[in-house]
> 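Starting off with a structure, shown below.
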Amino acid sequence: MIDLSIEMESLTKSLVCIKSVNGTTGERDIAEFLLHWLRTLPYFAAHPAQAFAQPIAAGDALGRENVFAYVRGTKAGGDAVFLVLLKYLSEHTDTFAGTVVLSLNCVEENEHTGILRGLDVLDDLRERLGLRYLFAINNDYTCPLYDGDPHRYLYAGAVGKLLPCVYIRGCETHVGQCFEGFDASVAVADVVQAVNYNTELCDGYHGEYTLPPSVLKMKHLRPSYNVQTAQEAWTYFNVFVHAKSAADVLEEFLDITRNAMQHVAKRIDNEATKYARLAQQPVLPPKFEPQVMSYEQLVAAVKAKRAAGRSDALSSAGQGSDASDDPATFCLPHRGRGTAKRWWVWRR
């Protein structure tokens, strides 16, 4: 049996010496290294057009590129593994039939710009060379499932990955009147508490289960320090799926968010009642009734409201109206210019 591991290890060490961090010029540097390495192989020296780079975007300030190579046969971890395997295949083209395409893509850990841009090349190769893609191998990292796991794994599929986002708009108030507001930071924390590490949200398929959701970001949207509670906050999560659809996950998050909002509203009311009794003040009735909707529902509601506004404006045409009747105008007494501008953008 041919042992390619020594060369794979050596090449891996060369690759990790290049600081190819996302969003830096290192992504360009590693692409140049990969293309140069491929073109030193005898096969690609004889077929230089079969190893090439593709800029991910015109005018990309970092000069980042995808690297492609393909080897055509004549008979029926990570980048280093594929590179060495491709080298081996390029030296033994008489041992297999078909074409092996290597796609090395940049910008992987955020918006996957590299592979999305690279689809154009894969389509072009299919049309130009008459290829029929049979399968793809994603040589992502694998690891033991638990400490001391003696097994090695070959995965025949890929886990689905979703990024649900929850945006909360509360009601700001001065800290000296904390019970008169609805703190968006508290609400978003309640959502995170309900979702993060929650194994009831694991998705199973044929006895295999995903890990539970993990929070990736949570923050309030206050631009600087002040003594008001947060009006806006948001969070998003990594959610793995095997069988659930995006619609299934959305419904789960809508239910979780409804429960969290109701829990926070009830907590505010309970604590306000306790404080009123403690301070010997009148007990005020509940103040907030949270509403939760999907983005699709929000867009539909805004469109319906705008349509109703146009209808009202048309019905009042010729009967005399002032600026306050115009759906494109508004009045915000006692609000600063910055707040008025935000409301204008929202209204439009």
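Just so it is clear, the model here is predicted, and its values are computed rather than measured. Hydrogens, waters and symmetry mates play no part in the numbers below; they use all other heavy atoms, side chains included. Residue numbers start at 1 and run along the sequence shown.
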> Do Thr24 and Asp29 pass the side chain to side chain contact (heavy atoms under 4.5 Å, CB included) test, and can you show the C-alpha distance, the side-chain angles, and the key distance before you say yes or no?
CA-CA 9 Å; Thr24 70; Asp29 298 337; over 6 Å; no
> Quick one: does Tyr167's side chain have a donor or acceptor within less than 3.5 Å of a partner on Thr235's backbone?
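Such a contact is absent between Tyr167 side chain and Thr235 backbone.
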> Heavy atoms, side chains only, cut-off 4.5 Å: are Leu104 and Phe68 in contact?
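Leu104 does not reach Phe68 side chain to side chain.
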> Is the backbone of Arg117 close enough, under 3.5 Å, to the side chain of Gln54 for a donor and an acceptor to pair up by distance?
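Indeed, once roles are kept as given, a pair shorter than 3.5 Å links the two residues.
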> Measure the shortest side-chain to side-chain distance between Lys217 and Phe237 over non-hydrogen atoms and say whether it is less than 4.5 angstrom.
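Lys217 vs Phe237: side chains apart.
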> For Ala247, does its backbone N or O pair with a side-chain atom of Glu251 as donor and acceptor, under 3.5 Å?
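Between the backbone of Ala247 and the side chain of Glu251 there is no qualifying donor-acceptor contact (under 3.5 Å).
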> Looking at Arg258 and Asp255, does any basic side-chain N land under 4.0 Å from a carboxylate oxygen?
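Salt bridge between Arg258 and Asp255, a charged N being under 4.0 Å from a carboxylate O: yes.
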> Between Lys287 and Ile268, is there a donor-acceptor pair closer than 3.5 Å when you use the side chain of the first and the backbone of the second?
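Answer holds: no.
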> Taking side chain as C-beta onward, heavy atoms only, is Leu250 less than 4.5 Å from Ser294?
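With C-beta onward as the side chain, the pair touches.
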> Does a side-chain heavy-atom distance below 4.5 Å link Leu201 with Val239?
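SC-SC contact between Leu201 and Val239 ruled out.
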> Taking the side chain as everything from C-beta on, heavy atoms only, tell me whether Leu129 gets closer than 4.5 Å to Arg72.
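Side-chain contact under 4.5 Å: yes.
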> Ion pair present between Arg222 and Glu232, side-chain N to carboxylate O less than 4.0 angstrom?
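Salt bridge absent between Arg222 and Glu232.
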> Using atom types as modelled and distance alone, determine if a side-chain donor or acceptor of Asn238 lies under 3.5 Å from a backbone N or O of Ser214.
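Not at all, since once roles are kept as given, no pair shorter than 3.5 Å links the two residues.
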> Distance alone, cut at 3.5 Å: any donor-acceptor contact between the side chains of Asp190 and His263?
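Distance-only check passes for Asp190 and His263.
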> Should side-chain heavy atoms under 4.5 Å link Ile, Leu, Val, Met, Phe, Trp and Tyr, which residues sit in the same cluster as Tyr295?
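Members alongside Tyr295: Val299.
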> Are Tyr43 and Gln50 linked by a side-chain donor-acceptor pair shorter than 3.5 Å?
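Yes, because at least one side-chain N or O of Tyr43 sits under 3.5 Å from a partner of the opposite role on Gln50.
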> Are Pro55 and Arg64 close enough that some pair of their side-chain heavy atoms sits under 4.5 Å apart?
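They are not in contact (no side-chain heavy atoms under 4.5 Å apart), so the answer is no.
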> Got a donor-acceptor contact below 3.5 angstrom from the Arg39 side chain to the Ala51 backbone?
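A pair under 3.5 Å: yes.
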> Determine whether the side chains of Gln291 and Gln297 contain a donor N or O and an acceptor N or O closer than 3.5 Å.
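No, no side-chain donor-acceptor pair sits under 3.5 Å.
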> Counting N and O atoms only, with roles assigned by atom type, does the side chain of Asp60 sit under 3.5 Å from a partner on the main chain of Ile56, one being a donor and the other an acceptor?
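Absent.
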> Run the numbers on Ile168 and Met261 for side chain to side chain contact (heavy atoms under 4.5 Å, CB included), then give the verdict.
CA-CA 9 Å; Ile168 295 174; Met261 296 291 283; 4.1 Å; yes
> Please determine if Glu9 and Lys13 form a salt bridge, counting it only when a charged side-chain N lies under 4.0 Å from a carboxylate O.
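Yes, charged N to carboxylate O under 4.0 Å.
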> Are any of the side-chain heavy atoms of Leu86 and Leu41 separated by less than 4.5 Å?
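Side chain of Leu86 against side chain of Leu41, heavy atoms only: no contact under 4.5 Å found.
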> Take Phe52 and Tyr70 through the side chain to side chain contact (heavy atoms under 4.5 Å, CB included) test and state the conclusion after the steps.
CA-CA 9 Å; Phe52 55 93; Tyr70 61 92; 4.2 Å; yes
> For Asn270 and Thr273, does a side-chain donor sit closer than 3.5 Å to a side-chain acceptor?
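Absent: no donor and acceptor within the cut-off.
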> Donor-acceptor pair, distance only, cut-off 3.5 Å: does the side chain of Asn66 make one with the backbone of Gly114?
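Yes, Asn66 side chain to Gly114 backbone: donor-acceptor pair under 3.5 Å.
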> Is there a donor-acceptor pair closer than 3.5 Å between any side-chain N or O of Thr210 and the backbone N or O of Asp203?
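A pair under 3.5 Å: yes.
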